[in-house]
Amino acid sequence: MSLLTQGNARSLYTWVLYLLFFLSGATGLIYEIMWNRKLTLIFGSTVYSVTTILTVFFAGLALGAYLIGRRVDHVRSPLYLYIGLEFAIGLFGFASPLLFGAIDWSHSLLYPFLGDTPVRLTALRFALSFIALLIPTTLLGATLPVLVKLVAKNDAGVAESAGRLYAVNSLGAALGTLLAATSLIPLLGVNGSLYLAGFINIAIAVFAWLVFKKEAREKAVQQPAARYFHNGVQKYILTLFGVAGFISMAYQVAWFRLLIQITGTSVYTFGLMLSIFIAGVGLGSAASTRLLPKIRSVVGMLVLVEILASVYSLLSVSYFDSLPAFYVSLSLGLAGFSSEVFSPFFLELLSKAFIATIVFLIPTLMFGAAFPLVATVFAQRSADSGRDVGVVYAVNTVGGVLGSFLGGFVFLPILGTQVTIAVMGVAGVLLATAIAMPLAERGIRIVAPVGSVFFIALSVLIYSPWNPLLIDAGPYWLRYPNAASMIESQMSKHLHYYREGVNVNVSVTGSLTEPDTITINGKPMASTLLTDVANQYLLGHLPMLLHPNPQDSMVIGLGAGMTFGALLRHGGLTDVIEISPEIVEGARQFARYNRSALD
């Protein structure tokens, strides 16, 4: 008797697929982090390079969900297709080091012909990233609609299957992110991590074939009785879900910029924040899926989750500049528990995780909860489950790509972090109203706009601009003995300059009459202390004095411009490389010390 005809065995079959998809999610984020690491070594780690890489990565995911999702409803064995996808992903994982070696060679070969024009270089990097990542990311994106086709056996089960799979894959991705950032690179290196991920994907494929090969052979294509066309309401909800993806990723960019000021910029910190963000999405999807049978109004619930995410952000954003002081208190409090079981490093990560949880756990839970709700509206037939779930995932992903791009390149430099978060909060409230007005029950249609106006007005009333001195205090430098007094000391300073740019936040602080410190992302980079000034001058003077006949020189990283100014005193040609214009403007505040080198 076929395994698929037995209820208990059928349940086991489904949960095994969930487990495999959990592991697949973990490898997906390992690939993303390692591929990003590989390409930044080739292209550089500017925000333009990283954004180009991530845009191509997520565009591939969306393309795979859309293209393969449209085909999976018509293949004879979706299980064989899934096995093939996992096997092919694993092969790309193993081949990645060779592939990126070829990309490096191509970049080195073509670079001299393009010069240093940013547009040309970005186009080259986009093209090479596209070549490197398109096929594997398309395969990764295809796995969700294929598995929905395998798991959903009736019309009522499509949204629940999609929600569970999305949750399981996201939780696996969170684990993969955490492992990649904290353990795999130090233990295995980038290439070793890629080989491990490739091995896991191939093992998934082999295991699925050994366990389910009989079902794969017996599985027949399920032909729809008639072609199904989505109505205007479904398309409207789908479009707004793309907008929700835009808002969520613009939030992420702004939240991460805020948190690096407080918790630092190490790879451990970034991996921790990203894993919490993804885990929140996964847990939200899991909770929403579990509640689906009890939800009387899916549209009403969708309005509610969008309202909750936005209202939390709107009402809490004005108080985030109190987080540095809270982080210091929390970290110093936890330091008392340091022992052989709880290392200082672990307790430091725990403090950072708690701060990240305060900032975005509730909104990310709501982001994840929206996916099965939208799937309930748009994906209503098991015969078309692969196509419909693929479209839902693709539209949300494309919105996320646009939100990440505009958030980093437009909103943060123009609006700043706090206003960006607030604007996205308002956009989310308006999105909830846009969902409610034409579609929800009469009561919700009345409450939603009234509530939106109330919460927007309340957020305006309580809005208080962040104090840059607090945001830029650099509390993650807890290794200093005077960490407890850092915030108090920072508040006694005068702010001479503060700018948020595409790459960094820069502040210049000092006494009322004279600046003494330039800080980048919360980290003091140069100061007018005697020891700092001596070091910066000597970095310029010593090589010029020791060289028998110096003709030219170059400084990488401007800082306060003191080393640059020292080099200029020796004559000859001196260049300085600085990717952030905000730092250049900050260095002008130290004209007395860099001898007006920038004028």
Novice: Under the ring pair (Phe, Tyr, Trp, His ring centres under 6.0 Å) rule, collect the residues that match up with Phe320, sequence neighbours excluded.
Specialist: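 Phe320 satisfies ring pair (Phe, Tyr, Trp, His ring centres under 6.0 Å) with no other residue.
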Novice: Applying side chain to side chain donor-acceptor pair (under 3.5 Å), name anything that partners Thr364, two or more places apart in sequence or on another chain.
Specialist: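 Scan of Thr364 (side chain to side chain donor-acceptor pair (under 3.5 Å), adjacent residues dropped) gives none.
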Novice: Would Tyr251 and Phe360 count as a close aromatic pair, with their ring centres under 6.0 Å?
Specialist: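 So the answer is no for these two rings.
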Novice: With a 6.0 Å cut-off (strictly less than), is the heavy-atom count around CD1 of Ile135, excluding the residue itself, greater than 12?
Specialist: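 Not more than 12 within 6.0 Å, no.
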Novice: Evaluate whether atom CZ of Phe94 has more than 12 neighbouring non-hydrogen atoms of other residues, nucleotides or ligands under 6.0 angstrom away.
Specialist: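 Yes, enclosed.
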Novice: Do any side-chain atoms of residues 390-411 form donor-acceptor pairs under 3.5 angstrom with protein atoms, and if so which ones, sequence neighbours left out?
Specialist:
from, atom 1, to, atom 2, distance (Å)
Asn396, ND2, Phe241, O, 3.1
Thr397, OG1, Tyr393, O, 2.7

Novice: If you draw a 6.0 Å radius around OH in Tyr18, do more than 12 non-hydrogen atoms from other residues or ligands fall strictly inside?
Specialist: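 Enclosed.
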Novice: Restricting to side chain to side chain donor-acceptor pair (under 3.5 Å), what partner residues turn up for Ser193, sequence neighbours left out?
Specialist: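 None.
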Novice: Applying side-chain contact (heavy atoms from CB on, under 4.5 Å), can you list everything that pairs with Val243, at least two apart in sequence or on another chain?
Specialist: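 Partners of Val243 under the side-chain contact (heavy atoms from CB on, under 4.5 Å) test: Ile247, Leu431.
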Novice: Just list the side-chain donor-acceptor pairs under 3.5 Å for residues 304-311, sequence neighbours left out, or say none.
Specialist:
from, atom 1, to, atom 2, distance (Å)
Ser310, OG, Glu306, O, 2.9
Ser310, OG, Val429, N, 3.4

Novice: Enumerate the salt bridge (charged side-chain N to carboxylate O under 4.0 Å, His left out) contacts for residues 162-190, please, sequence neighbours excluded, ordered by first and then second residue.
Specialist: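 Residue pairs passing salt bridge (charged side-chain N to carboxylate O under 4.0 Å, His left out), neighbours aside: Glu160-Arg164.
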Novice: Would you say the side chains of Glu348 and Ser331 form a donor-acceptor pair under 3.5 Å?
Specialist: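 Looking only at side-chain atoms, Ser331 and Glu348 do not form any donor-acceptor pair under 3.5 Å.
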Novice: For the residue pair Val72 and Pro145, what are the closest heavy atoms and their distance?
Specialist: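 Taking Val72 first and Pro145 second, the nearest heavy atoms are CG1-O, 4.1 Å.
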Novice: Let's go through Thr143 and Glu86 carefully: what are the C-alpha distance in whole Å and the side-chain angles of both, what is the deciding distance for side chain to side chain donor-acceptor pair (under 3.5 Å) to 0.1 Å, and is it a yes or a no?
Specialist: CA-CA 8 Å; Thr143 54; Glu86 292 288 358; 5.4 Å; no
Novice: Looking only at heavy atoms, which two atoms of Ser170 and Ile278 are closest? And how far apart?
Specialist: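 Shortest heavy-atom separation between Ser170 and Ile278 comes out as O-CG2, 3.1 Å.
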Novice: Would Phe270 and Phe256 satisfy ring pair (Phe, Tyr, Trp, His ring centres under 6.0 Å), going step by step from the backbone distance to the final call?
Specialist: CA-CA 8 Å; Phe270 179 79; Phe256 280 28; 5.7 Å; yes
Novice: List for me each residue that meets side-chain contact (heavy atoms from CB on, under 4.5 Å) alongside Ala286, sequence neighbours excluded, and say none if there are none.
Specialist: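 Ala286 satisfies side-chain contact (heavy atoms from CB on, under 4.5 Å) with Ala167 only.
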Novice: Which residues pass the side-chain contact (heavy atoms from CB on, under 4.5 Å) test with Thr269, sequence neighbours left out?
Specialist: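 Checked Thr269 against side-chain contact (heavy atoms from CB on, under 4.5 Å); matches are Thr263, Ser266, Met273, Lys352.
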Novice: Listed by chain and number, what are the side chain to side chain donor-acceptor pair (under 3.5 Å) partners of Thr433, not counting sequence neighbours?
Specialist: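 Side chain to side chain donor-acceptor pair (under 3.5 Å) check on Thr433 returns Ser452.
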Novice: Got a sec, which residues hit side chain to side chain donor-acceptor pair (under 3.5 Å) with Ser161, two or more places apart in sequence or on another chain?
Specialist: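 Checked Ser161 against side chain to side chain donor-acceptor pair (under 3.5 Å); zero matches.
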Novice: Look at the side chain of Lys149 and the backbone N and O of Arg387, then say whether any donor-acceptor pair between them is shorter than 3.5 Å.
Specialist: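 Side chain of Lys149 to backbone of Arg387: no pair is present.
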Novice: For residues 173-187, dump all side-chain donor-acceptor pairs below 3.5 Å to protein atoms at least two apart in sequence or in another chain.
Specialist:
from, atom 1, to, atom 2, distance (Å)
Thr177, OG1, Ala173, O, 2.8
Thr182, OG1, Leu178, O, 2.6

Novice: If you measure from the Lys or Arg side-chain nitrogens to the Asp or Glu carboxylate oxygens, is any gap between Arg381 and Asp388 under 4.0 Å?
Specialist: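 Judged by the 4.0 Å cut-off on N to carboxylate O distance, Arg381 and Asp388 do not form a salt bridge.
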